[in-house]
Amino acid sequence: MNKIYLNSEEKKGKINKNIYGHFSEHLGRCIYEGYWVGEDSDIPNTRGIRNDVVQALKDINIPVLRWPGGCFADEYHWKDGVGPRDERAKILNTHWGGVVENNHFGTHEFLDLCEQLDTEPYICGNVGSGTVHEMEQWVKYMTFAGKSPMADWRRENGREQPWKLKYFGVGNENWGCGGNMRPEYYADLYRRFQTYVRDYGDNEIYKIACGPNVDNYHWTEVMMERARRFMDGLSLHYYTVPGDWANKGSATDFDKQEWEKTLKKTLYMEELIEKHSTIMDKYDPEQEVGLIIDEWGGWYDVEPGTNPGFLYQQNSLRDALIAGINLNIFNNNCDRVQMANIAQTINVLQAVILTEGEKMIKTPTYHVFDMYQVHQDAELLAMETNLESIELDDKKVPGVNVSASKDKKGNINITLCNLDPEKTQKVECNIIKQKLKGRDISAKIISAESLNAHNTFDNPEVVTIQPYNRIKIADNQLNIELPAASVLLVSLG
Ligand code: AHR
């Protein structure tokens, strides 16, 4: 029997809503076709941005959106993407499929998208192949209200008032596609570049330094030691790859063993956060620097017949579990994790939305973001657990993964994932300092008949959120039956 003791009065800190953030790159069909169809398209749009996608993303309240990359960011020269569209530079997207990038979606279009979504923009600047001057000018172009060549150019291009821009990344994966640097070198470059990422007027920028790849603890150590006082956030990238990079595995054609391997690898996020946080604590005991997990999610082989450089993959019930587990882990570490951005919003990697022409579907991952939005800006609740172990690919791990929060209205929300591919788990949940009698208790579930169940354009509702009632109350305790391979939300209103 799994036991959870939840203290409804002991708050462990605010769950920053930005944990529910997204990442969208100029990669495959994420920007073009995904968001951008152009003003003349038959697909209903507002200033070129598709309305169905905006509505779907508004419905899950996405708080922050990272752009333009990714690897693309360190080859992106922002001036290519402003001014009259038909005069914009056509460049080669070297990283992703070698296709022509016509720059029709640039700074104005991205910031318009963020305004339509009512989401905070998070822009990643070019350190790898850009200059300090170029970065300095970009920030001025976007945020300076006064007179200057950049602000004047923005006005000429149709935007009188500056935008509010809070989040700015100084390079992406500078240990890899962003310049193959060593941390000692990047730490100095970071210090230099960020100097010119200035605050104009009342715009205050939260500066995010490029952090480690997975378990590169040395990178974290060097960055914290040498550049801590110049940064507000340090990023971390970790993807769940079931196989290895040469043979990652299929998004939908997998067996029980691969399910186990995938979820075991997903749980590794916990260890990474703990170990990187321990290093950060050494240099930043007040926990002022946020850990910004600005790329995470499942990464599989591309769908057969699609461009390998486009990273288009399907999304199954297994992805719902990857999302549910990661988001619970981020919630539980909300003292340090201040933002996370799933890779990537549309048509790329663990997407929440897939499109095909005018059609759009919501993936199982979308439904997890929908279900978990109750945690945004809520207070994490203290809990103690005594969870049964299951064997995942020869490793013993707790079979249930959980987090809980209390929102401003006093509603308590508990999200639980059953990692076991075959067995229902029984969970006893004691709510301390809270009488259950008289409270409105409800639950919702995401699950399916098969582990690889997924939504298609012909059958878009195979995996969705369903009401759930296999919960009983006895002696101020919730007795929950958690079906195999499921994500559950229990709410106490
Ligand atoms: O999300 C796809 C790519 O993965 C990003 O461009 C890069 O930052 C990472 O390696």
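Indexing begins at 1, ligand by ligand and atom by atom, following the structure's order.
- Short contacts between ligand 1 and Asn172, defined as distances under 4.0 Å to a heavy atom of the residue, involve ligand atoms 8 (O).
- Side-chain atoms of Lys58 come within 3.5 Å of backbone atoms of Gln116 as a donor-acceptor pair (strictly under, hydrogens ignored).
- Here the CD atom belonging to Glu75 is positioned 4.0 Å from the NE2 atom belonging to His95, to the nearest 0.5 angstrom.
- Partner Leu65 forms a side-chain contact (heavy atoms from CB on, under 4.5 Å) with one of Phe110, Tyr122, Tyr167 and no other, that one being Phe110.
- Close approach to Cys71 involves these atoms of ligand 1, each under 4.0 Å from a residue heavy atom: 5 (C), 6 (O), 7 (C), 8 (O).
- For Glu221, the salt bridge (Lys or Arg N to Asp or Glu O under 4.0 Å) partners at least two apart in sequence or on another chain are Lys282.
- Side chain of Asn452 to main chain of Asp253: no donor-acceptor pair is present (N/O by atom type, distance under 3.5 Å, no hydrogens or angles).
- Proximity of a side-chain donor or acceptor of Arg88 to a complementary backbone N or O of His104 within less than 3.5 Å is detected.
- The protein heavy atom nearest to atom 8 (O) of ligand 1 is Glu295 OE2, 2.7 Å.
- His237 has its side chain within reach of Glu173: a pair of non-hydrogen atoms, C-beta onward, lies under 4.5 Å apart.
- Of all atoms in ligand 1, listed by their number and element, those nearer than 4.0 Å to a heavy atom of Leu349 are 1 (O), 2 (C).
- For Phe72, no heavy-atom contact with ligand 1 is shorter than 4.0 Å.
- Close approach of ligand 1 to Trp96 (heavy-atom distance below 4.0 Å) involves ligand atoms 3 (C), 6 (O).
- Remark: minimum distance from atom 6 (O) of ligand 1 to any protein heavy atom is reached at Glu25 OE1, 2.7 Å.
- Put simply, part of Phe23 is less than 4.0 Å from ligand 1, judged by heavy atoms.
- Considering only residues two or more places apart in sequence or on other chains, Cys114 meets the disulfide bond (SG atoms under 2.5 Å apart) condition with none of them.
- Within ligand 1, counting atoms from 1 as listed, the ones closer than 4.0 Å to a heavy atom of Tyr239 are 1 (O), 2 (C), 4 (O).
- At a 4.0 Å heavy-atom cut-off, ligand 1 does not touch Trp296 at all.
- Here atom 2 (C) of ligand 1 lies nearest to Gln344 when heavy atoms of Gln344, Arg66, His95, Glu173 are compared.
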